[in-house]
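Positions are given from 1 along the sequence.
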Amino acid sequence: MDKVVVSDAAPSNSFSEARLICRVCQKQFSRYTCPRCNTRYCSLECYKRHSLRCTESFMRENVMEELHQIQSNDATKRKMLEILRRVHSEDDMDSDGEDGSMLSEETTQKILSGDELRLEDLSPGEIKKFQRAVANGELSKLIEPWDPWWRKSSAASISLGPSGNQLVKPLDVEENSQCSFSSSESSIGEVPAGPENPLPPLQQLSRAEPSPLLPVHLIDVIYSYCFTLRIYNGDWHFDPLGAAMVLLTLSSVLGGDSRPETVSEALAACIEQTCSPAFRHAGGFKFGLILVDDAIDLLSLGANAIICLLCDLRRLIQAGEEMLRSENMEKAKRAEGRRKLKGVDRKIYFLMCWVHEQSEEVWSSFSGIVEVEKASLSALEQNRGICNMGEGKGASKAKVLVEEV
């Protein structure tokens, strides 16, 4: 190592002043030493240049040390809980003008730790506040609106094989499964996957000729599917049994063995259920018109989109049936519920095979028919104001809709 000796006329009292040249730039006298590799350097710029390994490990250790120092202790946690209680107390005072019940210690700890919180875990006061937040729409502001998959550009380019099955098959799919669960759970909001296996001809499923009313029944099924997905904001996977019950309540074809004979009759029955007290929170007649638009969009997309819809519907029903198997109820009721869902699954599968055998021209003309019916319903709403659930109208108004149509 090079040494430069600087001598003065009056030498230091203890020793002669000797300095080392910076090992990085080789231009300045060194003033510092790296604590890791003992390299001599003159400035921060040279320190950063002398060894990337030294500088990165130094920064990493400093960050970790800082994080350890700011980790909350028990006193900090108690202070944060007190702040949360005070905030909730102030919110109650603002909304009610009186002091409401504050979050309990146990409830707040569950929220902070990220544990699952059920309605029965709340105190009566907390349940009251929660129900009030649901009623006035506060909670809905926290939920990002779902964008239906059939309104995305990718829905216009769905590609299935000649036999109606997916061209690409996931590796984790069971060989005997027509519609796998895993392919839909990981892509909520995207176009649902089609059948894993080829769809058989209708002649293999039934010797009888398909009913000429199947196009009408398909409208009921599509409308009910769109209703269920919109109610669940696109994600039925967290409660498949509840979603299946909503679907069967709304669909007179799948849930009530009804046989509507015209498109107007099918739409009237669907909108009647949409306007019923059971679904008064959904939006009534205006929401029904949005669902009719959804049906028109799906029909316009053609057979492949409808097959993917029906396959997703089968996943929903199958997941609901699987969930029902573990429900705590009477054995006879559980067996009856599973039998019902399996029957619905078979109906949807038959309908899916029928859709696959129809020509593409069918769907454009059929979508035009539904558009005409939608225009009639819109005019009926303007002239009669027959169903407005936002103002508390009941099922009696929905019956008028059926008569008028």
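Annotation: side chain of F350 is in contact with side chain of L214 (closest heavy-atom distance under 4.5 Å). Side-chain contact between V216 and T262 is absent, with no heavy atoms from C-beta onward closer than 4.5 Å. Taking 4.5 Å as the limit, some side-chain heavy atom of R151 sits within range of a side-chain heavy atom of D294. Side chains of C311 and P192 form no contact here, defined as non-hydrogen atoms less than 4.5 Å apart. Between I21 and S30 the shortest side-chain heavy-atom distance does not fall below 4.5 Å. Considering only heavy atoms from C-beta on, E321 stays 4.5 Å or farther from L324 through its side chain. At a threshold of 4.5 Å between non-hydrogen side-chain atoms, the residues D235 and L229 do not count as touching. Using a 4.5 Å cut-off on side-chain heavy atoms (C-beta onward), W236 and V246 make no contact.
With sequence neighbours left out, K374 forms a salt bridge (Lys or Arg N to Asp or Glu O under 4.0 Å) with D293. The ring pair (Phe, Tyr, Trp, His ring centres under 6.0 Å) test applied to F287 returns F227, not counting sequence neighbours. Legend: residues meeting salt bridge (Lys or Arg N to Asp or Glu O under 4.0 Å) with R339, ordered by chain and number and at least two apart, are E336.
Between I348 and L310 the shortest heavy-atom distance is CG2-O, 3.5 Å. In terms of heavy-atom proximity, W149 sits nearest to A305 at CH2-O, 3.6 Å. Taking every heavy atom of both residues into account, A244 and L341 meet most closely at CB-CD2, 4.3 Å. For C308 against I158, the heavy-atom pair with the smallest separation is SG-CG2, 3.8 Å. Contact between S224 and L250 at its shortest, heavy atoms only, is CA-CD2, 3.6 Å. A pairwise comparison of heavy atoms in P200 and Y349 identifies CD-OH, 2.9 Å as the closest pair.
Evaluated for a side chain to side chain contact (heavy atoms under 4.5 Å, CB included) with V221, the options L254, V344, L247 yield exactly one hit, L254.
Under the 4.0 Å criterion applied to side-chain N and carboxylate O atoms, D312 and R315 are assigned as salt-bridge partners.
Distance alone, capped at 3.5 Å, places no donor-acceptor pair between the N165 side chain and the P195 backbone. Judged by distance alone, with hydrogens and angles left aside, the side-chain atoms of Y223 form no donor-acceptor pair with the main-chain N or O of L291 at under 3.5 Å. A donor-acceptor contact shorter than 3.5 Å links the side chain of S206 to the backbone of A208. Q26 contributes a side-chain N or O that, together with a main-chain N or O of R23, makes up a donor-acceptor pair within less than 3.5 Å. Panel note: side chain S157, backbone S154; a donor-acceptor pair is recorded below 3.5 Å. A donor-acceptor pair under 3.5 Å is absent between the side-chain atoms of E322 and the main chain of Q318, judged by distance alone. Put simply, the side chain of S211 gets close to the backbone of L213: a donor and an acceptor are under 3.5 Å apart.
Applying the 6.0 Å contact sphere to CD of E360 captures more than 12 heavy atoms from other residues, nucleotides or ligands. Heavy atoms of other residues, nucleotides or ligands lying less than 6.0 angstrom from CZ of R259 number more than 12. More than 12 heavy atoms of other residues, nucleotides or ligands lie within 6.0 Å of CD in E357, so this atom counts as buried by the packing criterion.
Atoms CD1 and NZ, from I271 and K286 in turn, are 14.0 Å apart once rounded to the nearest 0.5 Å. Between K347 atom NZ and R314 atom CZ the span is 14.5 Å, to the nearest 0.5 Å. Within the model, atoms NE2 of H356 and CG of L199 stand 6.0 Å from one another, a figure rounded to the nearest 0.5 Å. To the nearest 0.5 Å, the span separating CG on L298 from CD1 on I219 amounts to 9.5 Å. Taken to the nearest 0.5 Å, the CZ atom of R230 stands 6.5 Å off from the CH2 atom of W146. To the nearest 0.5 angstrom, L20 atom CG is 14.0 Å from Q28 atom CD.
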Exercise for the section: Might you work through the side-chain contact (heavy atoms from CB on, under 4.5 Å) test for I222 and C226, ending with a clear yes or no? Expected result: CA-CA 6 Å; I222 292 177; C226 297; 4.2 Å; yes
Handout entry: Test side-chain contact (heavy atoms from CB on, under 4.5 Å) applied to C25 and C42, step by step
Key = CA-CA 8 Å; C25 68; C42 65; 3.8 Å; yes
Exercise for the section: Quick one: do C34 and Y47 satisfy side-chain contact (heavy atoms from CB on, under 4.5 Å)? Show the steps, please. Expected result: CA-CA 8 Å; C34 175; Y47 172 72; 4.3 Å; yes
Practice task
For the pair T33 and N38, evaluate side chain to side chain donor-acceptor pair (under 3.5 Å) and give the outcome as yes or no after the intermediate values.
Solution key: CA-CA 5 Å; T33 302; N38 294 322; over 6 Å; no
Practice task
Could you go through the side-chain contact (heavy atoms from CB on, under 4.5 Å) check for F285 and T274 one step at a time?
Solution key: CA-CA 7 Å; F285 191 78; T274 304; over 6 Å; no
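Classified by interplanar angle (parallel below 30°, tilted 30° to 60°, perpendicular above 60°), the ring pair W354/W363 is perpendicular. Ring geometry, Y225 versus W150: the interplanar angle falls from 30° to 60°, so the pair is classed tilted.
A side-chain donor-acceptor contact under 3.5 Å links S252 and D220.
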